[in-house]
Amino acid sequence: MTLGKYARFNLPFLGLFLLASGLYSLNLHYFPVKTMWLQNAAGATGILAVLVIGFLIIFRNNVYFKRMLDRCRHSLSRQKKLTRT
């Protein structure tokens with residue numbers, strides 16, 4: 001794998017990481033809460049939601065990502081069938 005391919009493959013991950021870091025910093029700065037655990041829980045939940053949405057948007061057309069989603073769906077449907085019996 002060349003350096004260019006490596007950079008193109010990892011660039012979306014770096015962008016999502018920087019986005020999450022920025023959102024967490026903004027959360028700490030602009031939304032102070034008296035209890036630190038509540039602030040961390042709210043911030044982590046919001047950042048997780050943004051990251052999941054960003055990940056889905058960036059990789060929605062990726063073949064490997066589609067295969068992974070199909071495996072997850074298949075696994076979940078198989079577990080539902082096992083719990084019904």
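Keep in mind it's a predicted model, so treat the numbers as computed, not measured. Side-chain atoms are counted along with the backbone in the values below, which use heavy atoms only and exclude waters and symmetry mates.
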Donor-acceptor contacts under 3.5 Å from residues 42-60 side chains, at least two apart:
{"from": "Thr45", "atom 1": "OG1", "to": "Ala41", "atom 2": "O", "distance (Å)": "2.8"}
{"from": "Arg60", "atom 1": "NH1", "to": "Ile57", "atom 2": "O", "distance (Å)": "2.5"}

Q | Side-chain donor/acceptor of Ser21 to backbone N/O of Phe17, under 3.5 Å | A | yes

Q | side chain to side chain contact (heavy atoms under 4.5 Å, CB included) partners of Arg67, counting only residues at least two apart | A | Val63, Tyr64

